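The model shown is predicted, which means the values in this text are computed figures rather than measured ones.
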Amino acid sequence: MIYSRRQVLSLVIFLLSKVTLAQDPCLDGNFHEIDNVAKRSPSYDEDSTLPCDRYLIEGWYGSKTHVMSTSPPLLGKCGTSYPVWLKDPSPPYGIIQNLTACQVGFSDECSNAFKIEVKNCTGFLVYKLKPLDSCNSAYCFELDDSCVNKTVNNIRVSFHNLTWTEKEKENSPGVFQYDPSVNLICSFTPSDDDSLLYHIDWYVDNETVIQGQTVDKSSLNDAILSAADLNKAGKKINSWIHCMVGIKASKNKFPCVTKSSELFFAGIELLNRTVTIERKGTVTLMLRPTIPFASETIQRQDGMQSTSPLNIQLSFPGNTEAKCQQSTSGSLRKCSVPIESFKYGERQRYKDKTNWNKIYTMEISNSDNDGYYIQDHKLVLRLETNSPNGDGAQIFSDAVFRDVHINVVDKEEAWKGKRCSSYADPHQTTFDGYKYECQATGCETKKTYIFYSNDFHLQEVQVRHSICWSTARCVCAVAARSGQDVFTIDVCNQRQFINFPICNENSLKVIKETDKVYKIIFPTGTYVKVFIFNYGSSSWYLNVEVYPTVSDVGRTSGLCGVLDNDRTNDLRRRDGTQGNTKSYSYSYPPDDFSLSWQLPEGSNEDLLSMSQTVFDQLTPLSSYFYKLCTCDEERTYCSYKQYTECKTGIKGKEFHCVLHSSSRRKRDLKFLTQIPGNINKNMEEEPRVKRAAYSEVDAYRICKSAFEMSTYYGTCLNVVPNFNNETLVNCMNDLVMTGNPNLTQLHLDTALAQCQTYILLNSIRH
């Protein structure tokens with residue numbers, strides 16, 4: 001058939017129109033839905049599970065209910081540290097335009113500007129978004145119509161109940177199956193307005209599993225996340241779960257403002273993730289369920305019921321099980337902890353939490369002789385569950401646990417009771433107790449210093465300083481690193497950054513104990529405590545403490561010195577040379593030592609530079625081998641010298657990089673609970689006194705008098721055996737140096753915070 005020129009032209013125009021339609025980003029399927037849209041609101045504060053747009057796939061994104069914010073949000077809003085908003089007005093209907101997007105910075109609402117394509121789809125907008133430079137930045141979106149500007153309070157995730165389904169077993173007349181399902185509830189205090197609805201989103205390990213669950217005041221018990229929901233999303237126990245709640249006027253609307261619950265760990269928690277065991281010794285690992293385990297019940301024709309336990313057993317990833325079996329006797333699965341399940345006829349027992357929320361134990365032994373240590377291995381215990389029966393119990397099936405790190409020691413005492421610290425302006429103390437100053441010529445402002453480093457375990461702490469009062473220097477920023485994970489607190493120059501700038505390995509656990517106290521736990525059990533203090537109306541500084549474990553003995557460096565019970569080598573410089581600890585004093589500090597741990601400008605080690613180039617060069621923890629604990633003759637052994645082939649290069653499950661809330665009970669701090677704002681008290685409230693010159697005798701009298709006026713300080717001296725007068729000495733030195741008696745309150749606050757930490761340590765050890 002021969003076509004005319006007009007027919008060919010018509011066919012070409014028709015095909016081109018088809019191609020154009022197929023490429024139109026306004027059509028369903030041609031754009032991606034914006035994820036975490038509720039958290040991207042300009043009214044939503046940065047929380048523990050922030051959206052990350054660094055790994056966004058470039059393409060068209062949109063939402064038929066939300067638009068990109070066109071006014072600058074505040075720093076820390078939109079669920080992120082640095083929100084991105086649209087500076088230019090929206091294009092006319094049907095038009096694509098290149099518009100300016102702005103990233104909010106510390107001192108500028110448009111610290112970083114770039115172009116994105118935006119199309120008006122006549123009813124909604126689509127945006128051609130590109131990945132951002134870091135994980136602590138995200139695009140900001142808000143509702144495009146009116147909404148209810150109210151919030152709820154007391155949001156909490158907890159275990160709610162068990163529900164059961166009954167059916168007759170196929171091909172077995174008279175035999176019945178009772179299948180249980182665990183249900184979690186998102187509870188909150190509703191509004192007084194009975195006409196309002198509540199919009200609930202559920203997140204598991206920071207992934208959305210339910211979006212837009214709607215309840216009213218009469219159906220609050222329907223705000224449920226069930227085992228079926230978890231199974232559908234491919235989730236299992238040992239996950240961190242939270243819900244977000246907002247108020248709306250009707251089912252098809254969205255809330256203006258949403259608030260999040262704290263994280264709830266749903267599974268079986270390890271109560272001692274780091275275990276120290278003496279050579280040829282035995283230690284007890286403790287586990288406790290936070291939700292009840294229930295497996296399928298089978299009822300026979302005679303009415304008898306049976307069920308099966310959940311076994312927590314050793315885990316051997318990849319092909320390691322066969323290698324581990326070679327040098328052992330008996331099944332590797334014999335070393336297990338059974339978690340009991342109640343039968344359907346006993347289901348009332350689940351209503352009493354004490355029947356299932358109890359501690360289970362596993363005995364761990366060591367069989368190493370002399371010369372046991374292997375330098376390139378880390379000893380870990382890995383656990384997993386078996387496969388219980390029933391659909392509801394599948395969330396417990398083949399679930400993995402986070403690694404339990406094992407430290408084998410020869411009754412090593414060098415690390416016990418030790419602490420490296422930097423207080424106020426700053427008074428430094430090494431692990432072995434050597435005290436020194438780091439003032440203007442030693443701790444320079446805007447420079448990064450290595451405070452603590454353990455190269456073997458790829459973990460470190462870096463600090464920066466700023467001027468805090470007069471010419472004194474105080475720590476204003478801290479970065480803690482484990483492998484390719486970094487957690488940062490930066491309050492320098494009125495900044496307020498507290499989060500993970502990079503999180504690739506999920507190895508750090510960060511606990512927000514209060515708004516101004518953070519605990520950062522390394523995989524080895526070593527942990528850092530950071531206290532945020534306020535001096536004056538706008539000046540902030542940090543007190544930093546590092547508490548070591550046996551894995552740090554002989555391996556530490558930096559401003560914290562070498563942990564080995566020998567103070568004479570604590571001034572070891574970065575080049576390996578040694579300073580004489582007796583050659584320095586308060587008025588003549590070891591500046592050459594401090595400056596040796598300062599990182600040069602543009603260093604590829606500087607974690608506080610917030611440079612993605614620095615983060616991309618970090619060595620991962622997965623570059624090391626893991627020596628695995630194994631089962632021999634039905635006993636669990638964690639040993640370096642024996643079972644040498646039982647090892648793997650596969651990294652275990654670790655923490656998600658989120659901020660955990662403190663679960664410590666208030667009774668552990670029973671005598672400090674009534675302190676009326678001593679810690680973090682604003683020094684601007686203190687009356688200013690004209691500076692004077694004080695002798696050491698006068699300074700001692702003033703500081704001692706101020707400390708003795710606090711009944712809590714006296715209580716600390718009486719009840720805490722390892723509490724000393726270090727802060728009193730620091731107070732005296734600062735008073736002689738500055739002539740400013742207002743600083744006595746700062747040192748008293750430091751003493752009380754230090755006392756609180758020791759109380760927690762003593763409650764854990766005993």
Validate the cation-pi geometry between Lys259 and Phe188: distance from NZ or CZ to the six-membered ring centre under 6.0 Å, angle to the ring axis within 45°. no
Within a strict 4.5 Å, meaning less than it, do heavy atoms of the Tyr203 and Cys243 side chains meet? no
Heavy-atom side-chain proximity of Phe401 to Ile312 below 4.5 angstrom: yes
Heavy-atom donor-acceptor pair, Asp552 side chain to Thr549 backbone, under 3.5 Å: yes
Any ion pair linking Glu545 and Lys529 (charged N to carboxylate O, less than 4.0 Å)? no
For Lys235, enumerate each residue passing the salt bridge (Lys or Arg N to Asp or Glu O under 4.0 Å) test, keeping only those at least two apart in sequence or located in another chain. Glu207
Could you walk me through whether Thr630 and Thr328 satisfy the side-chain hydrogen bond (donor to acceptor under 3.5 Å, both in side chains) test, starting with their C-alpha distance in whole Å, then the side-chain angles of each, then the deciding distance to 0.1 Å, before giving a yes or no? CA-CA 8 Å; Thr630 191; Thr328 60; 4.9 Å; no
Can you tell me how far apart OG (Ser387) and CG (Asp398) are? Round to the nearest 0.5 Å. 3.5 Å
Do Thr282 and Ile364 have side-chain heavy atoms sitting under 4.5 Å apart? no
Keeping Gln213 on the side-chain end and Trp202 on the backbone end, is there a donor-acceptor pair under 3.5 Å? no
Answer with yes or no whether the side chains of Ser218 and Asp216 bring together a donor and an acceptor at under 3.5 Å. yes
Which side-chain N or O atoms in residues 174-182 pair as donor and acceptor under 3.5 Å with protein atoms at least two apart or in another chain?
unit_1: Gln177; atom_1: NE2; unit_2: Glu296; atom_2: OE2; d: 3.1
unit_1: Asp179; atom_1: OD1; unit_2: Asp391; atom_2: N; d: 3.3
unit_1: Asp179; atom_1: OD1; unit_2: Gly392; atom_2: N; d: 3.4
unit_1: Asp179; atom_1: OD2; unit_2: Asp391; atom_2: N; d: 3.2
unit_1: Asp179; atom_1: OD2; unit_2: Gly392; atom_2: N; d: 3.2

Main-chain N/O of Pro51 paired to Asn36 side chain as donor or acceptor, under 3.5 Å: no
Could you pull out the closest heavy-atom pair between Phe342 and Asn355, with the gap in Å? CZ-O, 3.8 Å
Does the side chain of Val152 come within less than 4.5 Å of Pro190's, by heavy atoms? no
Which heavy atom of Trp356 sits nearest a heavy atom of Pro289, and at what distance? O-CG, 3.5 Å
Scan Leu197, Ile224, Asp222 and name whichever one has a side chain to side chain contact (heavy atoms under 4.5 Å, CB included) with Val215. Asp222
Which residues pass the salt bridge (Lys or Arg N to Asp or Glu O under 4.0 Å) test with Glu363, sequence neighbours left out? none
Residues forming a side-chain contact (heavy atoms from CB on, under 4.5 Å) with Ser308, sequence neighbours excluded: Ser295, Asn389
Is any side-chain N of the basic residue among Arg40 and Asp35 closer than 4.0 Å to the acidic one's carboxylate O? yes
Establish, from distance only, whether the side-chain atoms of Asn153 and Thr189 form a donor-acceptor pair under 3.5 Å. no
Can you sort out the partners of Asp192 under salt bridge (Lys or Arg N to Asp or Glu O under 4.0 Å), two or more places apart, ordered by chain and number? none
Would you call the rings of Phe396 and Phe293 parallel, tilted or perpendicular, taking 30° and 60° as the class edges? perpendicular
Has the side chain of Asn238 got a donor or acceptor atom that lies under 3.5 Å from a matching backbone atom of Val400? yes
Donor + acceptor pair across side chains of Asn183, Ser226 (<3.5 Å): no
Any donor-acceptor N/O pair, Asp632 side chain to Ser329 backbone, under 3.5 Å: yes
For Ser195 and Lys217, does a side-chain donor sit closer than 3.5 Å to a side-chain acceptor? no
I'd like to know whether Ser551 forms a side-chain hydrogen bond (donor to acceptor under 3.5 Å, both in side chains) with Asn407, so could you lay out the CA-CA distance, the side-chain angles of the two residues, the decisive distance to 0.1 Å, and finally the verdict. CA-CA 7 Å; Ser551 61; Asn407 293 318; 4.6 Å; no
All heavy atoms of Val148 vs all of Ala249, minimum pair found to be CG2-N, 3.6 Å
Looking at Tyr350, I'd like to know if the NZ or CZ of Arg347 sits under 6.0 Å from its six-membered ring centre while staying within 45 degrees of the ring's axis. no
When you measure from the centre of the six-membered ring of Tyr527, is the NZ or CZ of Lys519 closer than 6.0 Å and no more than 45° off the axis? yes
Taking the side chain as everything from C-beta on, heavy atoms only, tell me whether Val530 gets closer than 4.5 Å to Val517. no
Step-by-step ring pair (Phe, Tyr, Trp, His ring centres under 6.0 Å) determination, Tyr344 to Trp164: CA-CA 8 Å; Tyr344 177 71; Trp164 300 75; 5.2 Å; yes
According to salt bridge (Lys or Arg N to Asp or Glu O under 4.0 Å), who are the partners of Asp302, at least two apart in sequence or on a separate chain? Arg300
Less than 4.5 Å apart, side chain to side chain, heavy atoms only: is that true for Asn272 and Leu285? yes
Residue that, paired with Thr214, satisfies side chain to side chain donor-acceptor pair (under 3.5 Å) out of Lys248, His199, Lys251: Lys248
Just checking, any donor-acceptor pair under 3.5 angstrom between side chains of Ser187 and Arg156? no
N/O donor-acceptor pair under 3.5 Å between Thr208 side chain and Ile210 backbone: no
With side chains defined as the heavy atoms from C-beta onward, is the minimum distance between Met244 and Thr258 less than 4.5 Å? yes
All heavy atoms of Leu508 vs all of Ser482, minimum pair found to be CD2-CB, 3.6 Å
Testing the basics here: between Thr290 and Ala266, what is the closest heavy-atom pair and its distance to 0.1 Å? OG1-CA, 3.5 Å
Restricting to non-hydrogen atoms, name the atom on Ile520 and the atom on Ala480 that form the minimum distance, rounded to 0.1 Å. CG2-CB, 3.9 Å
So Gln459 and Thr526, do their side chains get closer than 4.5 Å, heavy atoms only? yes
Only one of Glu340, Lys353, Arg288 passes side chain to side chain contact (heavy atoms under 4.5 Å, CB included) with Lys358; say which it is. Glu340
Flag, side chain of Gln394 to backbone of Ala227, donor-acceptor distance under 3.5 Å: no
Between Ser239 and Lys236, is there a donor-acceptor pair closer than 3.5 Å when you use the side chain of the first and the backbone of the second? yes
Would you say Arg349 has more than 12 foreign heavy atoms packed within less than 6.0 Å of its CZ? yes
With distance as the sole test, does Asn311 use its side chain to make a donor-acceptor pair with the main-chain N or O of Gln313 at under 3.5 Å? no
In terms of side-chain geometry, is the basic nitrogen of Arg333 or Glu321 positioned less than 4.0 Å from the acidic oxygen of its partner? yes
Side-chain H-bond candidate by donor/acceptor type, Ser639 with Ser367, under 3.5 Å: yes
